[in-house]
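Contents: one structure, followed by commentary.
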Amino acid sequence: MTVTTGGNAKGTLLRMRGITKAFSGTAVLADVDVDLYRGEIHALMGENGAGKSTLMKVLGGVHLADAGHIEFDGAHVAFTSPGEAMDRGVVMIHQELSTVPDMTVAENLALGSEPARAGFVLDRRRLRSEALRKLGPIGGGIDPDLPMRKLSVGRQQMVEIARAIDQQAKILVLDEPTASLSDTESRRLFEVLERMRDAGMGLFYISHRLDEVWRLADRVTVLRDGRHVSTTRRGEISQNDVVGRMIGRQVEALYVREHRRPGDVVLRVRDLVGRDNGIGPVSFDVRAGEVVSLVGLIGAGRTEIARTVYGVDARGSGTVEIGGRQARIGGPGDAIARRIGMVPESRKEQALFSWMDVRDNITIASLRKHSRWGVLNQRRVDAAARQFIDDLTIRIRSPRQEVRTLSGGNQQKVVLSRWLANDPRLLILDEPTRGVDVGAKHEIYRIINEQAEQGTALLVVSSDLPEALGISDRLLVVRDGVIVAELDGAGATEEDVMSHATGVAKEAS
Amino acid sequence: ACSEGDPGTGGNGEGDGGPMGDGEFDLIGYMAQDMSNPFFQAMEEGIVAEADELGVEVNTQDGRQDLNEQNDQIDTFIQQGVDAILLNAVDSEGIGPAVERAVDAGIVVVAVDVEAQGAMATVTLDNVQAGEVACEYLVEQIGGSGNILLVDGTPISSVQDRVEGCESVLEQHPEVEVVGHQNGDNGRSEALSITADLLTAHPDVVGIFGINDPTALGAMLAAQQAGYDDLTIVGVDASPEAVDALESDSMFMGSAKQDPTTQGSIALQMAHDLFNGEELEENPVLVPTEMLTRENLDEYESW
Amino acid sequence: MSQSQAPAADPAEAPAQTSGARIARRALDLWSTWGIALVLLLLIALMALIAPNFVSLSNAFNIMRATSITAILAAGVTVVILTAGIDLSVGSVLAVCGVSSVVLWNAGLPAVLCVLIPILLGALIGLVHGTLVAYLSLAAFIVTLAGLTAWRGTAYALTGGRPLIAEGDLGFSMLGSGNFIAVPVPIWLMLATYAVLWFMLERTTWGRHVYAVGGNPEAALMAGIKVRRVLTSVYVISGLAAGLAGAMFAARVESGQPNSGQGYELEAIAAVVLGGTSLAGGRGRILGTLVGALIMGVLSNGMILMNTPFFTQLIVQGVVIVVAVAIDSLKNRYTR
Amino acid sequence: MSQSQAPAADPAEAPAQTSGARIARRALDLWSTWGIALVLLLLIALMALIAPNFVSLSNAFNIMRATSITAILAAGVTVVILTAGIDLSVGSVLAVCGVSSVVLWNAGLPAVLCVLIPILLGALIGLVHGTLVAYLSLAAFIVTLAGLTAWRGTAYALTGGRPLIAEGDLGFSMLGSGNFIAVPVPIWLMLATYAVLWFMLERTTWGRHVYAVGGNPEAALMAGIKVRRVLTSVYVISGLAAGLAGAMFAARVESGQPNSGQGYELEAIAAVVLGGTSLAGGRGRILGTLVGALIMGVLSNGMILMNTPFFTQLIVQGVVIVVAVAIDSLKNRYTR
Ligand SMILES: Nc1ncnc2c1ncn2[C@@H]1O[C@H](COP(=O)(O)OP(=O)(O)OP(=O)(O)O)[C@@H](O)[C@H]1O
Ligand SMILES: Nc1ncnc2c1ncn2[C@@H]1O[C@H](COP(=O)(O)OP(=O)(O)OP(=O)(O)O)[C@@H](O)[C@H]1O
Ligand SMILES: [Mg+2]
Ligand SMILES: [Mg+2]
């Protein structure tokens with residue numbers, strides 16, 4: 001159960017002992033011990049909020065531990081800044097994107113270690129050539145001269161990875177690097193990581209995707225509530241056991257698809273073309289009580305299709321019918337008036353009001369229901385919030401807690417409640433489980449299923465293929481902004497989807 | 001008129017100390033330290049009235065109490081090729097270098113109301129004397145003893161001279177004590193608000209000197225609002241609002257007369273004479289100041 | 001259902017909710033909202049010790065009356081800042097509105113209209129700023145900076161550049177110097193402004209929308225909030241407040257002063273920030289601003305009572321602002 | 001060369017780097033950087049048509065000399081704004097430094113020291129602001145607003161409240177009114193300031209760090225950039241610039257004016273924003289600021305030449321700022 005000793009011939013690179021950390025009195029890490037060997041990929045697993053990222057931030061000099069010590073390369077260290085950690089060879093890819101949107105890809109790649117002459121004069125030519133070199137292993141196909149902001153989230157993530165793996169690190173920490181990546185990119189990343197391991201580096205790998213962990217990791221450490229639960233070799237433990245240790249219970253079937261009785265068509269899209277986002281023409285239907293997923297490669301335009309339906313992206317031509325009636329949706333306000341809800345793909349940027357409390361975050365889109373002449377009925381607002389906090393088992397101290405202090409899974413549930421509070425007829429979910437732990441994932445699937453049972457039409461965008469296959473009644477494969485195939489959720493396989501998504505199927509047929 | 005050494009504007013070249021440009025006295029600049037003060041607007045009216053008779057165009061510029069702004073304005077006037085500048089400087093010494101540039105460019109510079117280093121002629125009201133007469137009157141009215149307030153203004157020379165004048169009088173009256181001396185920003189509102197505070201600190205005040213009429217009237221409003229009805233309040237400028245206050249039964253007792261209109265027309269006359277190479281009969285012209293009070297109100301024609 | 005499945009997990013995950021911890025957390029919340037009020041109390045205590053005649057009802061009225069105009073401006077500015085905007089124009093809008101109230105009075109309009117029309121004028125000016133910010137997406141800083149310049153010019157233009165003396169007895173002078181139930185009218189107006197804005201921000205959907213737009217405009221848009229309308233509305237509110245302040249100013253000095261309110265925008269913003277509102281938007285409380293404004297008022301009153309030279313006052317004011325904000329930030333460090 | 005280095009990446013995915021596309025992008029970049037320069041040219045053309053005596057070398061010098069001080073302040077402020085900060089204190093720092101240069105001169109120090117020491121004083125003041133912003137995490141707005149107040153007070157305190165006349169011939173007066181190769185020294189100083197800062201921002205690693213810190217401070221921190229040091233450094237730069245401007249001011253008026261530079265902070269910020277730098281940080285070009293400052297200078301010069309009443313000047317100035325920024329934002333809409 002505890003740390004495997006002497007398991008690696010190449011020796012121990014890092015020893016973290018008794019790491020303890022609290023934020024404003026709330027313990028986040030309690031007495032955690034972890035080792036990292038040379039030439040291993042060490043997976044950290046745990047629920048949202050278990051403390052994985054915090055542990056790694058302590059290592060990387062972002063946070064200072066309240067207690068405990070770190071031994072790295074045979075010496076005691078306590079990095080006080082990420083720069084210091086980096087100088088010593090500890091490099092991190094953080095969970096949240098950390099790029100500078102207004103700088104170019106090349107400049108982002110060189111951030112903090114710009115090539116210079118005489119120590120301070122920028123060498124622009126080398127900046128660009130090094131960028132191309134760094135992009136080679138994983139991020140090929142990205143123009144180094146483009147400003148970062150023009151890239152999709154996935155590609156930005158790839159740039160960040162490219163930057164990190166190029167540094168001459170002894171320890172590389174990857175905190176959910178694949179959350180925004182599609183299969184192809186992920187696979188390329190794994191190859192690179194395996195090469196780094198073989199070269200003797202130590203890698204910490206955080207992910208909520210069990211299949212990835214099982215493919216990559218040599219050892220798996222499970223954290224729960226800031227405590228170390230176990231560290232085991234991959235072969236010595238089953239996936240189910242890991243999940244059990246993470247959340248303290250077993251999850252029999254992760255995906256939920258039950259009692260679906262699709263009814264009338266709720267959403268009918270015909271020849272929809274986006275004005276500026278390059279999608280279309282697309283046509284599809286979503287019925288009441290049906291879960292339909294848009295799948296495809298990163299950048300295929302799934303998000304854009306969803307955004308165009310919701311009215312955030314402008315419509316060029318084509319029609320959208322809601323409940324059999326033509327709907328002119330000029331913006332989210334119009335969509336909401338027709339009882340459409342949308343959970344956007346980027347929680348922090350597009351959905352959360354970090355400084356507002358949980359109650360307000362849940363009710364912000366349905367305040368009209370709880371007010372008269374614009375004056376809020378506080379009691380009803382509180383009651384509505386409480387109802388969803390209970391229904392979705394959102395784990396918080398109080399409804400007045402600021403939402404930024406919640407873990408990712410709970411934040412996602414808050415965003416979901418916001419739309420459930422509106423009693424939606426059509427719910428659009430863009431990457432509803434990105435960065436969400438298995439336990440919470442399961443609960444979100446349960447909520448999705450419950451909504452479908454109640455007759456809500458659901459349009460899901462997902463990059464997690466097993467998820468899409470597991471929860472959907474139908475799958476629409478998107479490539480280059482158009483729908484290239486429609487597959488049955490129960491019958492289709494990952495290979496079917498991928499062959500359509502990459503265009504192989506078309507050439508074959 | 002033409003600009004310095006610039007063939008592009010097709011002027012007639014430079015004159016040598018005498019009249020320059022086209023030789024016509026047809027464009028002058030008037031630079032006021034703060035056009036939001038009616039005093040300088042009245043001065044402008046005096047200048048414009050005189051200018052209309054002489055057939056001269058007047059370009060008025062507001063210094064906004066900023067010496068650098070006045071420097072730029074002089075440079076622009078040089079550029080514009082004005083024949084004369086009637087200069088009401090924000091600071092009499094600090095404006096010196098700019099005056100020198102203007103004089104070098106052959107422009108007649110006449111200082112108005114405030115002395116200006118290097119000006120060819122000066123017409124001023126003696127601001128020190130204005131402070132003296134106002135405070136002499138104040139001391140007389142309060143019977144030679146008691147606590148008074150001094151409501152100062154932004155530190156520019158004309159204001160400081162008045163305070164200096166006032167203080168020199170007070171030195172001779174040790175029984176009069178200045179219990180509060182604060183900056184009222186030359187205007188009604190700030191003067192009102194600091195006077196309200198000062199009266200709280202020193203309820204036994206019997207008189208107030210304000211460095212100009214807006215200041216004194218602001219102080220008076222504060223005193224009224226605080227329930228006083230027997231203070232002696234004096235200002236400087238004898239502005240129309242001061243006349244109004246004197247006409248009514250208020251605590252405002254007097255104001256040192258300043259005549260901006262006359263000063264303005266005299267200044268323009270002097271500039272005209274200098275431009276034509278004539279000798280000035282009197283330079284500097286020091287317009288004497290005296291107190292405007294309820295007694296001599298009838299004889300006074302406000303500007 | 002899931003609860004019954006996971007009995008092991010829940011108790012461990014539920015944070016300690018003892019009543020003791022809850023009270024402690026409540027205290028921290030209060031301190032984080034009202035920490036600055038402590039600064040005010042300390043300052044008052046200090047002034048009571050060192051400034052002559054500081055402690056008296058009439059001086060308290062003095063301070064509040066002197067504070068009322070910037071406090072009202074600051075209230076409007078708070079709402080703007082909550083949306084991550086800024087309003088630098090309030091001092092100039094005050095001047096335009098104040099001058100126009102006297103213009104109207106001298107034109108013979110009834111006193112009520114001489115107050116109402118300038119307030120509406122303020123709202124209209126706010127509408128112009130808000131439209132430029134919300135619909136043309138111009139930076140609020142630059143729009144209202146241009147407003148600061150242009151409306152000041154307009155105020156001068158209205159009077160031909162000189163102060164405008166009210167003819168006869170100004171009909172609405174009680175706005176500046178009257179009393180109501182033994183308390184000066186400006187103080188009532190200040191309290192009323194804060195009460196109304198507190199209610200609007202804390203108890204209406206509009207208030208929630210203001211915080212949401214300030215906290216995350218993109219998320220607000222996705223949540224169906226009419227972001228542009230909300231943005232426009234806050235500048236209208238700020239203009240309204242400046243219009244009221246203008247009428248009060250005119251009433252107090254019984255004249256239209258085109259140079260009135262200069263620099264008040266920065267005083268108002270200082271009060272907002274002292275009061276704990278974040279310039280990044282989405283965070284802050286309107287009543288904090290009132291405390292912030294009173295801190296500035298007490299400081300200036302105390303120093304005038306002590307007859308401090310004006311330059312020393314400036315230095316002390318600057319130092320106090322920094323120290324107060326630093327104390328506030330230390331508190332944040334502790335509670336986070 | 002770089003293309004040949006990257007054959008390992010899928011050739012199919014290699015970005016379309018045709019020279020045509022690159023030139024097009026370059027053109028857009030230029031327009032987005034220099035769109036405001038077009039506004040300046042249009043304004044100059046307009047003034048040439050309507051303002052008497054506008055077109056001449058000496059007037060061009062006039063405009064630039066008059067612009068030099070705010071332009072230098074604005075250059076420093078640009079660097080601060082690029083980090084998403086702001087510096088409201090520059091006008092007051094100018095005053096302190098200007099006054100102290102005359103104090104030193106009157107104390108008999110050699111001219112060189114009378115210029116250098118005030119510049120270092122400016123840097124020191126900037127260091128204080130920077131430290132408060134970077135290490136105590138106080139909002140730049142409030143720190144420098146406090147600075148605006150406190151340093152103004154200090155400037156008055158240095159002279160006891162009144163202007164300080166330079167004794168004898170001020171040894172460094174050429175900084176304000178001298179010529180060098182037939183061009184006024186202030187213009188040289190302005191150009192030199194911009195050249196140096198352009199180089200530092202565009203051609204050094206420090207410059208990249210400034211943009212990175214402004215664009216995403218967290219990412220910059222994660223990338224190992226010493227964010228606090230960068231933040232501190234920009235305030236030092238701004239203080240240096242204000243110190244230089246102060247010495248120039250003193251040289252120009254040959255005296256120490258404690259009330260000099262009032263309101264310049266807003267003029268400087270207006271120039272920065274006109275020049276296309278985003279107040280949100282991370283985006284902008286230093287040379288745009290120079291253009292912005294010149295727009296304001298041309299406007300003011302032209303209107304003085306046309307004998308425009310001062311209040312009309314204020315109104316026109318405000319309107320021009322809004323219109324220029326609106327034009328600029330339309331351009332952004334097109335390029336994005
Ligand atoms: N800066 C912070 N201030 C306060 N609380 C924090 C902070 N950072 C993290 N926390 C809290 O610490 C706990 C652990 O967070 P952490 O990010 O380490 O979890 P995690 O295991 O990485 O979760 P996830 O899988 O969602 O990324 C959470 O409850 C979180 O809310
Ligand atoms: N702001 C933008 N400017 C220009 N192009 C963009 C922008 N955002 C997205 N794109 C492009 O639009 C296309 C589709 O975007 P996006 O990657 O969001 O689609 P997606 O299928 O939802 O993928 P993802 O899995 O990343 O959500 C991509 O080619 C992307 O590069
Ligand atoms: Mg994490
Ligand atoms: Mg997407």
Side-chain angles (χ1 to χ4, degrees), chain C residues 84 86 88-89 92 128-129 132 136-143 145-161 258 262-263 265-267 269-270 272-274 278-280 309-326 328-330 332-333, chain D residues 84 86 88-89 92 128-129 132 136-143 145-161 258 262-263 265-267 269-270 272-274 278-280 309-326 328-330 332-333:
Chain C
I86 198 147
L88 295 171
S89 72
S92 300
V128 172
H129 296 164
L132 290 169
L136 286 190
S137 308
L138 304 185
F141 196 102
I142 201 72
V143 167
L145 176 55
L148 175 143
T149 311
W151 301 119
R152 175 71 56 200
T154 310
Y156 281 121
L158 275 179
T159 66
Q262 274 188 51
E265 55 283 341
L266 294 182
E267 277 182 44
I269 294 169
V272 174
V273 177
L274 275 182
S278 157
L279 289 163
F310 77 99
F311 42 80
T312 314
Q313 290 185 31
L314 290 175
I315 298 174
V316 172
Q317 218 174 69
V319 172
V320 167
I321 291 177
V322 164
V323 170
V325 177
D328 204 51
S329 91
L330 288 181
N332 283 347
R333 213 166 276 195
Chain D
I86 197 142
L88 295 172
S89 71
S92 300
V128 172
H129 297 163
L132 289 169
L136 286 190
S137 309
L138 304 185
F141 196 102
I142 202 73
V143 167
L145 176 55
L148 174 143
T149 311
W151 301 120
R152 173 71 55 202
T154 310
Y156 280 120
L158 274 178
T159 66
Q262 274 189 52
E265 54 283 342
L266 293 182
E267 274 181 46
I269 294 170
V272 175
V273 177
L274 274 181
S278 157
L279 288 164
F310 75 99
F311 43 78
T312 314
Q313 289 186 29
L314 290 176
I315 297 174
V316 171
Q317 220 175 66
V319 171
V320 166
I321 292 177
V322 164
V323 170
V325 177
D328 203 51
S329 91
L330 288 178
N332 282 349
R333 214 164 275 196

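Labels below follow one simple rule: chain letters A, B, ... track the order of the sequence lines, proteins then strands, and each chain is numbered from 1. A quick note: this is a predicted structure, and the numbers were derived from the prediction, not measured.
Partners of D/Q262 under the side chain to side chain contact (heavy atoms under 4.5 Å, CB included) rule, at least two apart in sequence or in another chain, are D/R152, D/Y156, D/N259. Under the side chain to side chain donor-acceptor pair (under 3.5 Å) criterion, C/Q317 pairs with no residue at all, not counting sequence neighbours.
Options D/P309, D/A139, D/A146 differ in how many heavy-atom pairs under 4.5 Å they form with chain C, and the most are formed by D/A146. Ranked by heavy-atom pairs under 4.5 Å with chain D, the first of C/I321, C/L274, C/L279, C/L138 is C/L138. The candidate from D/A280, D/A157, D/G318, D/G153 with the greatest count of non-hydrogen atom pairs under 4.5 Å with chain C is D/G153.
Here the closest heavy-atom approach between residue C/L132 and residue D/V322 is recorded as CD1-CG1, 4.0 Å. The nearest pair of heavy atoms linking C/I315 to D/A150 is CG1-O, 3.5 Å.
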Between C/T154 and D/F311, is a side-chain contact (heavy atoms from CB on, under 4.5 Å) present by the stated rule, with each step listed? CA-CA 7 Å; C/T154 310; D/F311 43 78; over 6 Å; no
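In this structure, chain C has heavy atoms under 4.5 Å from both the backbone and the side chain of D/L266. Using a 4.5 Å cut-off between heavy atoms, D/I142 contacts chain C through both its backbone and its side chain. For a residue to count as touching a neighbouring chain, one of its non-hydrogen atoms must lie under 4.5 Å from one of that chain's; by this rule C/I86 touches chain D with the side chain only.
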